[in-house]
Structure formats: structure tokens, C-alpha cells
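Once you've had a glance at the structure underneath, I'll fire off some questions.
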Amino acid sequence: MKNKVNLFSFLLSISIILSFPLLSFCHDSKNYFFENPYGICITPGEDETMLNFSWYSKKDNDSKIKIFNEFGEEKTYKGKSKKLDNNFVSNKVTVTNLKDNTTYYYSYKLNGVWSRPIEYKTKNSLEFSFAFMADPQIGASSRTLNSVEEGIKKDVLSWNKVINKALQKENNLSFIVCGGDETNTKEENQKKISNQEYSGYLSPYYLQYTPIANVIGNHDKDNENFYNHFYMPNSSSLGKNIAGGDYYFKYGNTLFLFLNTNNLNINEHKQFIENTLKKNEDVKWKIALFHHDIYGDGIHSQEKDIKQLRNTLPKILEKNKIDLALCGHDHIYSRTYTLKNNKKTKEFIIERFDDFNEKVEIINNSKGITYITGGSCTGSKFYKSTNNKSNYVKFKYDEENPLYTIINVSKDKIIIKTYKVNSDEMIDSKIIINK
Ligand SMILES: [Fe+2]
């Protein structure tokens with residue numbers, strides 16, 4: 001048995017080494033972002049034992065993933081394919097029966113050929129970390145540069161950088177959650193550019209072994225590219241538009257609920273949240289993600305849809321005891337007080353400095369919800385700060401620096417730290433939510 005394992009590991013290593021120069025070339029190649037529409041995306045599956053894979057190809061019968069473990073045992077999973085009107089096929093496959101803390105390898109079928117085996121390590125789902133990034137908005141830089149291609153290329157390099165930084169900071173990341181506006185182009189008649197932006201979004205090599213779950217932003221909502229490129233778990237017909245509906249996944253003791261707030265039918269979101277909680281009564285933590293930051297104080301804060309959401313959504317989140325809400329849209333980082341009934345809760349938040357001289361804010365058994373709006377993670381677009389003085393916002397960071405957030409989840413604690421991509425400094429206190 002041992003010899004078999006060694007031989008298998010040896011063959012895998014050779015295959016990975018042989019394919020590495022090709023990959024490096026792809027990432028250095030000037031046109032890689034525009035000519036490779038085949039980027040694979042791994043999304044967390046319905047729970048920690050599953051993963052969803054999605055990718056484009058040119059052939060009909062490619063929706064297959066082969067998984068093998070370190071003992072050389074292999075299993076092929078079949079999924080579904082959908083022919084698109086741009087001559088591509090969107091493939092989606094779910095893999096099941098994965099165990100925590102285990103090394104697997106996967107191959108996917110691309111134009112009739114199996115890919116090289118790619119290593120994927122599952123993590124400890126009961127004590128884990130994930131990264132939160134908002135508004136990469138690949139392609140938004142085009143408005144300040146000479147061409148669409150230059151804009152996409154610039155944003156893809158920044159996107160690659162923020163993922164790399166997050167993985168360096170926390171090399172055991174279970175996944176990334178992205179708070180919407182993954183790409184920039186919304187217009188139906190600009191499909192070619194939108195496709196290039198999605199190719200860019202999926203081009204970082206890290207995404208071949210780091211799952212990512214995406215919120216539907218206002219830039220993503222009118223375009224079926226979102227739906228075709230990503231395979232959302234537990235996908236609901238509630239909160240739906242052309243890009244998809246509300247969806248969720250469970251990871252260990254934590255439920256991640258993704259609301260498509262482009263759809264303003266609040267009763268559908270309410271129904272989705274209630275149905276989901278009924279099916280998952282045993283979870284400890286509940287984290288909601290949606291694009292429109294209802295309590296931020298950036299330029300969107302007084303817009304009609306935001307006001308409508310602010311008047312309706314928090315009640316539902318509070319009633320269902322959501323612990324944390326993560327949003328985007330404003331391209332300015334802000335963090336609220338713990339809020340309930342549109343007011344600060346009266347609880348005392350402990351503020352102190354820890355042994356590393358980091359400022360810490362500790363929230364104990366709060367009855368309210370902390371809302372965090374991520375700043376732009378790529379810097380593809382910054383908004384100027386407003387003079388609004390929000391009663392909801394406890395801390396705001398409006399300097400033009402790309403940001404990302406690392407969140408650790410364990411049995412009794414959620415720890416949140418937000419960093420500048422370019423200097424590694426924390427911009428806000430370390431937030432600890434105890435429950
Ligand atoms: Fe945005």
C-alpha cells in the first residue's frame with residue numbers, strides 16, 4: 001500500500017511540475033486575461049462535505065470532475081452542462097463526501113481532455129478562517145485608462161494581489177466571500193467585455209484551490225454571466241433575477257446567507273431566511289451577506305433602494321438573530337455600532353489594547369447586529385467620502401487604499417481584522433464578537 005501511495009505522489013508531483021511552466025506563462029502572457037474564458041471556479045458546497053465546481057468549455061460532455069485522495073482512490077462526479085449562445089458550454093458539478101483536514105486532487109474535463117491534477121486541501125470546519133473582499137469590480141479602471149483591455153488588466157493584477165495577500169496573512173483560509181460587483185460591465189450589449197472581465201476575475205491561480213462565494217452586486221445583476229460562471233449552493237428561486245437568487249451554505253457551525261438585494265421583494269428574502277433557518281436549527285453563527293450596505297454613510301446612503309432596504313431588511317435579520325452582516329456597494333469601509341430597531345444597542349463594548357498593542361473592541365452577547373461594509377479590494381474604483389454624519393457608523397475608513405478582511409470563526413468567538421493590501425496595516429480595531 002505504501003509503495004502505491006509513494007508512486008501516486010511521485011506521479012502527481014511530476015504532473016504538477018510539468019504543468020507549472022505552462023501556468024506561469026499563462027499568467028505572464030499579455031493576453032491571458034482576454035483569451036482564456038475557461039477559468040474554473042470552486043464555490044463552497046451545500047455544507048462542508050461538498051464543493052461546487054463551475055467552468056466554461058467548448059464541448060458538450062465536459063461536466064465531469066474526478067476526485068482522488070492520497071491513497072490513489074478515485075471517483076468521478078457528473079454534473080450538468082448548459083449550451084450558451086456565445087458557443088460556450090457552462091459546466092457545473094457538485095462533489096460530495098469530502099472530509100475535513102484531508103488532501104485531495106481534482107481534475108476537470110476541458111474540451112474533452114482531463115486537466116492536470118490540482119491539489120485541494122479541506123480545512124477544519126469547526127474552527128476556521130475566511131476572507132471577505134468587496135467590489136473587485138474588474139474592468140472599472142477602464143474609465144480612467146486608454147482601453148478596456150488596459151483597465152481589465154490593471155484590475156486583474158490588483159485582484160490577484162489581494163487574494164495573494166489574504167492567503168499570505170492566513171494560509172489556512174477555508175474560502176473567500178466576495179461582497180458583490182465582481183465585474184464592472186452591466187450592459188446587455190457589452191457581452192464581449194463582460195466575458196473578458198469574468199475571464200479576468202477567474203484568472204488568479206489561487207482560485208483553483210481556494211473556494212469563493214459571490215454576492216450578486218448591482219453591476220452583476222443584469223447579466224446572466226454571473227449565473228453561468230458561478231455554481232451557487234442551495235440556490236433558491238426567492239430573491240431572484242437573471243443573475244440568480246438568494247442562496248446559502250453551511251460550514252461547520254456557521255450559516256452563510258447570501259441575499260440578492262437587487263431584488264427588493266423583501267417578503268421573498270424573509271421567506272428565504274426563515275426557510276433556511278428552519279432547515280438548520282442547530283447552527284451557532286449566522287452571517288448574512290448582501291451587496292447594498294444599508295447602514296454605510298457613503299454616496300449611496302440616501303438613495304431610494306437603500307432607504308427601502310434600511311426600513312425593511314434589518315427587522316428580518318434581527319428577528320432571525322443574524323450575528324454579522326457583510327456588505328459592499330459604497331467602496332468605503334465602515335463598521336456600525338451593534339444595531340437593533342435602527343438604533344445603537346445599549347450594551348457596553350469593551351475597548352482596550354492587547355499584548356501586540358492592537359486596539360480591540362469586544363462585543364459580548366449582543367442583541368444587535370454589526371454591519372461591515374468592505375472598501376474596494378482592488379482599488380478599481382474609489383468614491384469620495386460624504387459629509388454625512390451617520391448615527392449608525394462607529395468607524396469609517398475612506399482613504400483610497402484597497403482593503404481585505406480576515407475573519408476567524410470558532411465555537412464562542414468571531415474575530416474580525418481588516419488590512420490595507422499595500423502595507424499590511426490594520427485599518428480598524430480588531431473586533432471580537434463573543435457569544
Ligand atoms: Fe461597486
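Counting from 1, the numbers follow the sequence of the chain as shown. Every number for a ligand or one of its atoms is a count from 1 in the order of the listing.
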With the Fe ion (ligand 1) as the point of reference, which N/O/S atom of Asp135 is the closest?
OD2

Centroid separation Phe175 to Phe130 less than 6.0 Å:
yes

Is it the case that the ring center of Tyr392 lies less than 6.0 angstrom away from the ring center of Tyr295?
yes

Between His329 and the Fe ion (ligand 1), is there a contact where an N/O/S atom of the residue lies under 2.8 Å from the metal?
no

Main-chain N/O of Gly244 paired to Asn260 side chain as donor or acceptor, under 3.5 Å:
yes

Whether Ser54 side chain and His229 backbone form a donor-acceptor pair below 3.5 Å:
yes

In Asp181, the N, O or S atom nearest to the Fe ion (ligand 1) is which?
OD2

Output yes if Gln137 passes the N/O/S-under-2.8 Å test against the Fe ion (ligand 1); output no otherwise.
yes

